[in-house]
2 protein chains.
Amino acid sequence: MAYTELDIIRHPESYLPNIQVDNVILGYHDKELKVLLQQTVATKKWSITGGYVGRAESIEEAANRVASSRTGLENLFLQQFRSFGGVNRSEDPEKNAANMSKLTGVEVKKDLWIFDRFVSLAYYTLTDFSTVKIKKWSLDADCRWWPVNDLPPLMFDHQQIISEALKSLRMHIAFYPIGYELLSDKFTLPEIHALYETILGRTFDERNFQRKLLSSGIVTKLTETKRIGPHRAPFLYKFNKVQYDQALENGLVLIF
Amino acid sequence: MAYTELDIIRHPESYLPNIQVDNVILGYHDKELKVLLQQTVATKKWSITGGYVGRAESIEEAANRVASSRTGLENLFLQQFRSFGGVNRSEDPEKNAANMSKLTGVEVKKDLWIFDRFVSLAYYTLTDFSTVKIKKWSLDADCRWWPVNDLPPLMFDHQQIISEALKSLRMHIAFYPIGYELLSDKFTLPEIHALYETILGRTFDERNFQRKLLSSGIVTKLTETKRIGPHRAPFLYKFNKVQYDQALENGLVLIF
DNA sequence: TGAATAGTGTCTTTAAGACAGTATATC
DNA sequence: GATATACTGTCTTAAAGACACTATTCA
């Protein structure tokens, strides 16, 4: 079953009411951490990308579907981190309904289900923003990456949702390895070093970092090097998939 | 606004549909870790205690209200840890409706909203089970504490929800101190030692445990002792509230 | 040979882990 | 003085942290 954009107006019965999934899609590349935001035509406000849950799909399937429809990437590693359900999470239905009617050419009433109060199931994911082809939706005025440290004013409690996502990511990082979904199959030490520095927002001594990473057993140093530019070629490393998956399953303590 | 038990039949419009809060209420006392479960009259199945979200309350308020109505305790420290939203979380509405009608004397139809598919917002909390006066609901056949390592067969995915709650608790313990809500104002080292051992399911050398706990700065040793029985009186300790709250806010690493 | 970046090793300090005998309260 | 429980200290081992010079590639 496909869920298309106008279904939310034409077929409300296909969805669970009052529930949405919101994805904090974080993008990393070259020492920059960004978040994908959408700007709704109706309100002109920026918000996290999100969508609704079809009656025929699990919340995880919904989160994946919504995230894919934005990024074009399948099988993102979505991590649920919290739900937000304050009572004031709804805004100006009348204006929004009028705007939507104009945009879609379909009559939208102000008591349409999507203008009711919603509980948001929040997920985050981490991807390489340089590989993503953003797909703007027809009801979006804009959809683009913003640096996590320099965000525009956001709708409702979305600023808080992003903060919490980052907090969760930083906490997860201590228990579960990251990088598999983000780095190429083979990567250099400076690459993974920069990744950890950027996400955790601090610096690490390169020698101590390497020692710790190798002693965890989740990466293996290869004998190959990667030729990049007029300087010494860095060695390549790869994740030790078995240990990596085991760490994802059982947790490991890897506090940098 | 009060939400009473029969409201769910008589005033469906007071609630958000398809959403429930489920509380994994963990109880600790004297080296035992238990969980509070309810047995519904209609199905005879055991399940986590839970309830619905009123339109006039936030999901946190709902979780608190529901938890208080079971334990009589206000201001439990509820921690949201995950949401569960598979498609098969609904069961035999016809039978359940018939059972409920018989029990309440109110006509209950099989398409009543509570028999639809639900997304469960799961919380856990930790309390001292010896201080709790359980309040059985009229639709419960039973409601009591079960040892976490010896549970009865549970409804749907509730076994998994409890496992995840324990996993979250054990992960949280590494980042945030626990015990404030659980131990008396002043407590002994053996008491907090046993608490950590029970929750984490392993033993800790008492000397090393003390060293680590004190060096974290969240507890202070007092000069008073507590007279308990025909043997040496243990010293009392208290939490250093300022450091404790700061640790709750910013996290601390306290891996035992 | 200069510019740019990567690589590597040692010492010091701190924390973790293992381990057992002494002290106190009550009957 | 017997019983029950609490208290405490040291040594060893492992991990963290601080620190700077050498190596390679290419233009």
Side-chain angles (χ1 to χ4, degrees), chain A residues 29-32 173-175 177 179 183-184 186-198 200-238 247 251-256, chain B residues 29-31 173-175 177 179 183-184 186-198 200-238 243 247 251-256:
Chain A
H29 188 78
D30 205 8
K31 306 192 186 180
E32 279 188 295
I173 244 182
F175 276 84
L183 298 168
S184 346
K186 295 173 182 176
F187 52 88
T188 71
L189 197 74
E191 281 166 359
I192 192 170
H193 181 221
L195 170 64
Y196 272 81
E197 287 195 334
T198 305
L200 292 171
R202 40 179 292 232
T203 58
F204 300 104
D205 181 275
E206 48 199 337
R207 289 154 292 189
N208 297 341
F209 180 85
Q210 184 196 36
R211 192 200 317 151
K212 212 154 167 182
L213 192 67
L214 283 173
S215 76
S216 77
I218 58 166
V219 302
T220 307
K221 186 177 178 177
L222 305 175
T223 50
E224 308 167 64
T225 56
K226 183 177 183 181
R227 245 162 281 145
I228 37 167
H231 52 79
R232 183 166 180 175
F235 281 96
L236 287 167
Y237 292 73
K238 68 174 174 62
L252 98 162
V253 177
L254 188 60
I255 292 169
F256 280 104
Chain B
H29 188 78
D30 206 8
K31 306 192 185 180
I173 244 183
F175 275 84
L183 297 168
S184 347
K186 294 174 183 176
F187 51 89
T188 70
L189 198 75
E191 279 165 1
I192 192 170
H193 181 220
L195 170 64
Y196 272 82
E197 286 196 335
T198 306
L200 292 171
R202 41 180 292 233
T203 59
F204 300 103
D205 180 274
E206 49 199 334
R207 290 154 292 189
N208 297 341
F209 180 83
Q210 185 196 35
R211 191 199 318 152
K212 211 154 168 180
L213 192 66
L214 284 173
S215 75
S216 77
I218 57 166
V219 302
T220 307
K221 185 177 179 178
L222 305 174
T223 50
E224 308 167 64
T225 57
K226 183 177 183 180
R227 244 161 282 144
I228 38 167
H231 52 79
R232 183 168 180 174
F235 281 95
L236 287 167
Y237 291 74
K238 69 174 173 60
Q243 314 251 130
L252 97 162
V253 177
L254 188 61
I255 292 167
F256 280 103

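As the structure is a prediction and not an experimental result, all values here were calculated from the model. No hydrogens, no waters, no symmetry mates; every other heavy atom, side chains included, goes into these values.
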Q | B:K221 vs D:dT8: side-chain N/O to OP1/OP2 distance below 4.0 Å | A | yes

Q. Under 6.0 Å between the ring centres of B:F175 and A:F175?
A. yes

Q.
Which is more 5' along DNA chain D, the nucleotide nearest A:R211 or the one nearest B:A233? Just name the residue.
A. B:A233

Q. Closer to the 5' end of DNA chain C via nearest nucleotide, is it B:I255 or B:R232?
A. B:I255

Q) Do the side-chain N or O atoms of B:K212 get closer than 4.0 angstrom to the phosphate oxygens (OP1, OP2) of C:dA15? A) no

Q: Using whole Å, report how far CZ of B:R207 lies from C1' of D:dT12.
A: 14 Å

Q.
On a heavy-atom basis, which atom in B:G217 and which in B:Q243 lie closest, and how many Å separate them?
A. O-NE2, 3.4 Å

Q: Check the distance between D:dA14's C1' and A:N208's CG and give it to me in whole angstrom.
A: 14 Å

Q. Taking CZ from A:F235 and C1' from C:dT5, how many angstroms apart are they, rounded to a whole number?
A. 14 Å

Q: For the residue pair B:E224 and B:Y237, confirm or rule out a side-chain donor-acceptor distance under 3.5 Å.
A: no

Q.
So that I can tick it off, tell me whether B:K226 and B:E191 are bridged by a salt bridge, with the cut-off set at under 4.0 angstrom between side-chain N and carboxylate O.
A. yes

Q) Between A:P230 and A:D205, who's closer to the 5' end of DNA chain D by nearest nucleotide? A) A:D205

Q) For A:K226 and D:dT25, is the shortest distance between a side-chain N/O and OP1 or OP2 below 4.0 Å? A) no

(Q) With a cut-off of less than 4.0 Å, is there a side-chain N or O of A:Q210 near OP1 or OP2 of C:dT8? (A) yes

Q | Interatomic distance where CD belongs to A:E206 and C1' belongs to D:dT22 [whole Å] | A | 13 Å

Q) Roughly, in whole Å, what's the span from CZ in B:F204 to P in C:dG17? A) 10 Å

Q) Please give, in whole Å, the distance from C:dG7 C1' to A:F209 CZ? A) 15 Å

Q. For the pair made of CG in A:L214 and P in C:dG7, what is the distance, rounded to whole Å?
A. 11 Å

**Q.** Protein-nucleotide distance (A:H231, atom NE2; C:dT1, atom P), rounded to Å
**A.** 22 Å

Q) What nucleotide among D:dG9, C:dA6, C:dG9 has an atom nearest to a side-chain atom of A:P234? A) C:dA6

Q) Would A:F209 and A:F256 count as a close aromatic pair, with their ring centres under 6.0 Å? A) yes

